[in-house]
Amino acid sequence: MGIRSVFDGGELRREFEKRGIDGKFVGIIWKHVIGNNAKGEREEWNWEKQVPSLPSSAYAVLRSNFGGTNPLSSSLHSVFHSSDNLTSKLLIKLKNGAFVEAVIMRYDTRLGIYAGKPRPGGLRATLCISSQVGCKMGCKFCATGSMGFKNNLSSGEIVEQLVHASAFSQIRNVVFMGMGEPLNNYSAVVEAVRIMTGLPFQLSLKRITVSTVGIIHAINKLHNDLPGLNLAVSLHAPAQDIRCQIMPAARAFPLEKLMNSLQEYQRKSLQKILIEYIMLDGVNDEEQHAHQLGKLLETFQVVVNLIPFNPIGILSQFKPTSEQKVSNFQKILRGTYNIRTTVRKQMGQDISGACGQLVVNIPDKSLASAEPLTDIEDLVI
């Protein structure tokens with residue numbers, strides 16, 4: 001079986017090493033592939049023409065694994081833009097015929113606050129990428145969970161989402177918050193992040209966030225493998241019984257053990273942790289839940305991001321929390337427990353690209369906000 005993607009860096013380097021080819025050529029190959037993809041060139045791909053000056057043995061490896069009309073293993077099937085043009089959803093077809101989705105979200109960095117002042121900069125783009133086709137976690141409020149689990153993506157298939165997205169926007173931040181549980185595909189995600197932070201992408205590690213429902217054994221080794229990475233935890237409830245009700249996988253990761261793991265992670269990393277908390281009417285959004293959450297997190301350095309629930313059609317058994325209750329919840333965490341708490345602005349609902357809506361289908365049309373937003377990844381830095 002050949003290498004799935006030219007961006008599967010580990011496998012490609014091993015193939016080169018077998019033939020005595022210097023690994024430095026891998027970055028050069030990637031630079032040319034990215035450049036040609038950005039130009040939108042779709043002519044018959046010729047490695048000697050498109051990537052000149054490689055050893056002849058390197059061309060043999062490339063032709064045998066990636067010959068054809070396109071050096072990428074995936075193709076951009078379709079793109080949907082929100083009515084305000086702040087969000088774009090990419091439907092990407094993999095070599096095996098499966099589909100994944102990635103979402104570009106455009107923000108205004110100047111709307112973020114740092115040291116009491118507006119942040120410098122301007123418009124930026126964050127890419128929300130997928131790590132699996134489907135997901136094993138089965139969270140009842142998430143459309144991806146309704147798909148079940150299909151397969152893991154290779155590191156290269158993960159990186160190719162960034163390649164496709166870069167043709168539309170200059171990507172500054174990457175968040176692993178798309179389809180799948182990233183830490184259930186640990187090795188591929190770690191390698192993908194290392195590729196993104198190396199040549200030719202050179203993203204900053206502090207601009208990459210990996211979100212998890214709480215895979216404890218993976219959290220325990222994440223800082224050693226990727227020091228400086230941002231960690232986000234999909235907590236969504238302040239008590240184990242509620243977590244199990246809405247997140248069946250939580251049974252395998254008891255809340256007490258998860259919090260102990262996060263405490264150790266923070267001790268090693270000295271970084272804030274982003275806590276994601278979806279607001280479900282009558283389930284986890286009462287004042288008592290806010291106090292429970294505050295007490296659970298008061299010894300941590302965290303940013304809590306309250307997420308309005310995005311409906312997912314007939315599969316949904318939940319209703320969104322009212323704006324007033326979300327505001328009250330936020331005030332309790334801020335005022336009583338001095339926990340930095342934000343409310344996630346809804347983006348891409350009209351293209352089913354909002355949080356919890358990623359599932360391979362044709363998007364419904366509705367209205368979306370037209371104001372540039374502050375980037376949530378700026379909050380934890």
Are side-chain heavy atoms of [X] and [Y] found at a separation under 4.5 Å?
X	Y	value
I219	L183	yes
Y277	T341	no
L274	V302	no
T212	L231	yes
W47	V61	no
V233	I273	yes
I171	L162	yes
F176	S211	no

Short question: side chain of [X], backbone of [Y] - any donor-acceptor pair under 3.5 Å?
X	Y	answer
N65	I3	yes
Q301	Q271	no
N284	I278	yes
N305	E276	no
Q292	P238	no
N36	H32	yes

Practice prompt. Apply side-chain contact (heavy atoms from CB on, under 4.5 Å) to the pair Y186 and V210, showing each step before the final yes or no.
Written response: CA-CA 11 Å; Y186 187 86; V210 169; over 6 Å; no
Can you give me the closest heavy-atom contact between [X] and [Y], atom names plus distance?
X	Y	value
I158	A192	CG2-CB, 3.8 Å
E191	D8	OE2-C, 4.0 Å
A188	L153	CB-O, 3.5 Å
L333	A290	CD2-O, 3.4 Å
F99	V133	O-CG1, 3.9 Å
P320	D281	O-CB, 3.5 Å

Pair [X] + [Y], salt bridge at N-O below 4.0 Å:
X	Y	answer
K95	E157	no
R267	E264	yes
R4	E11	no

Practice prompt. Would you please test E287 and K325 for salt bridge (Lys or Arg N to Asp or Glu O under 4.0 Å) and show each step?
Written response: CA-CA 8 Å; E287 288 189 8; K325 287 181 76 173; over 6 Å; no
[X] and [Y]: same hydrophobic cluster, using ILVMFWY side-chain contacts below 4.5 Å?
X	Y	result
I339	M259	yes
M137	F149	no
L205	M196	yes
M177	V303	yes
L203	L199	no

What's the spacing between [X] [atom1] and [Y] [atom2] if we round to 0.5 Å?
X	Y	atom1	atom2	value
L90	F168	CG	CZ	5.0 Å
R172	Q170	CZ	CD	10.5 Å
I332	L293	CD1	CG	10.5 Å
I104	Q161	CD1	CD	11.0 Å
L54	D22	CG	CG	11.0 Å
I92	E101	CD1	CD	9.0 Å

Item to complete: Would you sort out whether E15 and R19 count as a salt bridge (Lys or Arg N to Asp or Glu O under 4.0 Å), showing the intermediate values?
Response: CA-CA 7 Å; E15 285 297 311; R19 293 160 175 79; 2.9 Å; yes
Practice prompt. Apply the test side-chain contact (heavy atoms from CB on, under 4.5 Å) to residues K272 and R340: give CA-CA distance (whole Å), side-chain angles for both, the deciding distance (0.1 Å), then the verdict.
Written response: CA-CA 11 Å; K272 290 181 180 178; R340 190 176 183 188; 4.1 Å; yes
Report yes or no: do [X] and [Y] form a side-chain donor-acceptor pair below 3.5 Å?
X	Y	value
S169	R106	yes
N185	Q132	no
S88	H81	yes
S131	E181	no

Discussion item. More than 12 heavy atoms of other residues, nucleotides or ligands under 6.0 Å from CD of E323: yes or no?
Written reply: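 At most 12 heavy atoms, drawn from other residues, nucleotides or ligands, come within 6.0 Å of this atom.
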Worksheet entry | Verdict with reasoning, V190 to V193, per side-chain contact (heavy atoms from CB on, under 4.5 Å) | CA-CA 5 Å; V190 168; V193 170; 5.9 Å; no
Worksheet item: For R194 and L226, what are the C-alpha separation, side-chain angles and deciding distance, and is it a side-chain contact (heavy atoms from CB on, under 4.5 Å)?
Response: CA-CA 8 Å; R194 288 173 176 164; L226 294 171; 3.9 Å; yes
Check: residues 241-254 side-chain donor-acceptor pairs under 3.5 Å, at least two apart:
| from | atom 1 | to | atom 2 | distance (Å) |
| --- | --- | --- | --- | --- |
| R243 | NE | L235 | O | 2.9 |
| R243 | NH2 | V213 | O | 2.7 |
| R243 | NH2 | S234 | O | 3.0 |
| R251 | NH1 | P248 | O | 3.4 |

Item to complete: Could you tell me if the ring centre of H291 sits under 6.0 Å from that of Y337?
Response: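 Ring centroids of H291 and Y337 are less than 6.0 Å from each other.
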Item to complete: Would you mind telling me which of S155, S154, S5, S75 makes a side-chain hydrogen bond (donor to acceptor under 3.5 Å, both in side chains) with E160?
Response: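 When S155, S154, S5, S75 are each tested with E160, the side-chain hydrogen bond (donor to acceptor under 3.5 Å, both in side chains) holds only for S5.
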Item to complete: Could you check whether the rings of H236 and F141 sit parallel, tilted or perpendicular, using 30° and 60° as the cut-offs?
Response: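 Ring orientation of H236 relative to F141: perpendicular.
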Practice prompt. Just do the side-chain hydrogen bond (donor to acceptor under 3.5 Å, both in side chains) check on Q324 and N328 with the steps written out, would you?
Written response: CA-CA 6 Å; Q324 183 60 51; N328 290 342; 3.1 Å; yes
Item to complete: Answer yes or no for K221 and Y265: cation-pi contact, defined as NZ/CZ to six-membered ring centre under 6.0 Å and angle to ring axis within 45°.
Response: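 That pair does not qualify as a cation-pi contact.
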